[in-house]
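Atoms within a ligand are numbered from 1 in the order they appear, just like the ligands themselves.
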Amino acid sequence: MNRQTGTATPARPAPVVNFLSIDVEDYFQVEGFDQVVREADWERHEPRFHLGLEWLLQVLDSVRIKATFFVLGWLAERHPQEIREIIRKGHEIGVHGYYHRRIDTQTPESFAAELRRALEVLRGLGAAGIRGHRAPSFSITPAAAWAWSILRDGGLSYDASLSVRHFPAGREPWTRPDPGPQRLQLSGGEPFLVFPQAYLPGLARFPFAGGGFFRLYPYALTRWGIRAWNRRGVPVTVYVHPWEFDPDQPRFPAPALRRWKHYVNLETNREKFAQLLQDFSFRPLGSYHEE
Ligand SMILES: [Zn+2]
């Protein structure tokens with residue numbers, strides 16, 4: 001009730017809480033460098049993901065935000081302490097595969113085996129109740145849509161690998177004309193939740209709010225995009241990687257475009273991301289229940 005006029009104050013809609021995800025992998029494991037760093041040679045490279053991870057955990061503590069960490073099984077097996085620290089701080093653990101292999105280059109059998117192996121490692125470190133998955137490079141493409149049933153049959157309840165490049169909004173399997181969480185009706189079972197890659201309002205083919213797009217675009221554009229979706233009641237899923245907060249990482253002699261995508265604006269990313277955490281509210285993906 002408004003005391004001065006005696007009229008009822010209209011109820012304000014609850015502020016939209018966005019989703020924050022971190023894909024935990026190292027700088028030498030990204031798809032952009034797969035021609036210069038072979039999977040078999042990963043062991044030879046200096047691990048550095050902990051540098052960006054420590055900074056992330058600290059900045060998230062300072063703003064009291066919990067996030068979802070999609071962890072690569074290979075890394076978790078070799079660096080258990082770092083993963084236990086994520087769990088100890090109360091963040092959600094999801095799975096990012098065992099090796100960093102695109103799903104659309106695998107068979108259903110090899111994908112299922114890799115998923116089982118990664119889940120086993122993560123559960124062994126104390127990650128209980130793992131519910132979510134993100135594919136390397138958003139690689140659950142139309143040719144690999146079988147992966148969703150395998151995830152569900154493996155006991156998971158959501159995926160965050162739906163790319164705007166392969167599935168423009170408004171067409172199957174997108175069920176919503178926006179990048180908010182959506183239900184996927186898989187044959188023979190419970191509905192499965194999908195958190196799509198976010199795209200700029202009005203520009204369904206233009207991803208934003210994550211990875212290289214977040215580093216490349218001026219922060220004002222990202223802020224405008226998230227605000228515009230939030231005003232419509234739509235939460236946005238943000239994704240980042242620990243190596244994006246490590247500007248001193250070694251440089252690889254990869255083709256120019258791949259180098260540019262990986263290294264662009266690493267120097268300013270900590271500041272930019274800290275600002276994002278000040279401007280918006282976030283929560284882990286697994287805390288979402290259909291409202
Ligand atoms: Zn990845």
Side-chain angles (χ1 to χ4, degrees), residues 19-39 41-42 45 47-53 56 67-79 82-83 86 91-106 110-111 114-115 117-119 121-122 127 130 132-141 144 147 151 156 158-166 194-198 207-216 237-246 249-250 252 254 257-264 266 269 273 284-285:
F19 301 108
L20 182 58
S21 59
I22 292 123
D23 295 354
V24 182
E25 64 199 28
D26 223 325
Y27 65 100
F28 51 81
Q29 297 175 313
V30 301
E31 189 190 351
F33 294 148
D34 61 359
Q35 301 300 311
V36 285
V37 186
R38 292 183 315 142
E39 199 176 275
D41 294 333
W42 281 356
H45 294 273
R48 292 182 65 93
F49 79 100
H50 59 284
L51 299 171
L53 180 65
L56 276 166
T68 301
F69 288 72
F70 293 109
V71 180
L72 197 64
W74 187 95
L75 208 65
E77 203 163 51
R78 286 155 181 84
H79 304 276
E82 283 81 353
I83 309 311
I86 302 172
H91 297 287
E92 180 191 9
I93 297 289
V95 60
H96 193 43
Y98 182 87
Y99 293 105
H100 201 253
R101 294 174 183 161
R102 291 187 63 91
I103 313 305
D104 54 0
T105 61
Q106 300 191 48
S110 67
F111 172 66
E114 202 186 301
L115 177 71
R117 187 173 179 188
L119 286 172
V121 172
L122 295 172
I130 297 174
H133 169 265
R134 170 165 293 130
S137 311
F138 293 95
S139 59
I140 300 189
T141 59
L151 291 169
L156 303 189
Y158 75 85
D159 176 60
S161 319
L162 185 58
S163 161
V164 304
R165 295 174 194 206
H166 301 289
V194 167
F195 294 77
Q197 185 180 26
F208 88 119
F213 304 102
F214 180 72
R215 281 180 285 123
L216 178 63
T237 303
V238 169
Y239 66 96
V240 294
H241 309 82
W243 55 261
E244 293 185 288
F245 304 98
D246 174 22
Q249 63 191 268
F252 287 117
L257 181 63
R258 291 186 165 207
R259 270 207 323 269
W260 177 75
K261 272 175 72 179
H262 188 90
Y263 299 124
V264 66
L266 285 180
N269 210 35
F273 186 68
L285 283 66

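Note: Phe111 and His133 have perpendicular aromatic rings, judged against thresholds of 30 and 60 degrees for the angle between ring planes.
Checked against the 6.0 Å centroid criterion, the rings of Phe49 and His79 qualify as a close aromatic pair.
Here 3 is the count of protein N, O or S atoms positioned under 2.8 Å from the Zn ion (ligand 1), waters not counted.
Legend: residues meeting ring pair (Phe, Tyr, Trp, His ring centres under 6.0 Å) with Phe19, ordered by chain and number and at least two apart, are Phe195, Tyr288. Judged as a side-chain contact (heavy atoms from CB on, under 4.5 Å), and not counting sequence neighbours, the contacts of Thr141 are Arg102, Asp104, Ala143, Ala144, His166. Residues forming a ring pair (Phe, Tyr, Trp, His ring centres under 6.0 Å) with Tyr263 (at least two apart in sequence, or on another chain): Phe33.
The side chain to side chain donor-acceptor pair (under 3.5 Å) test with Asp34 is passed by exactly one of Gln29, Arg101, Arg258: Arg258.
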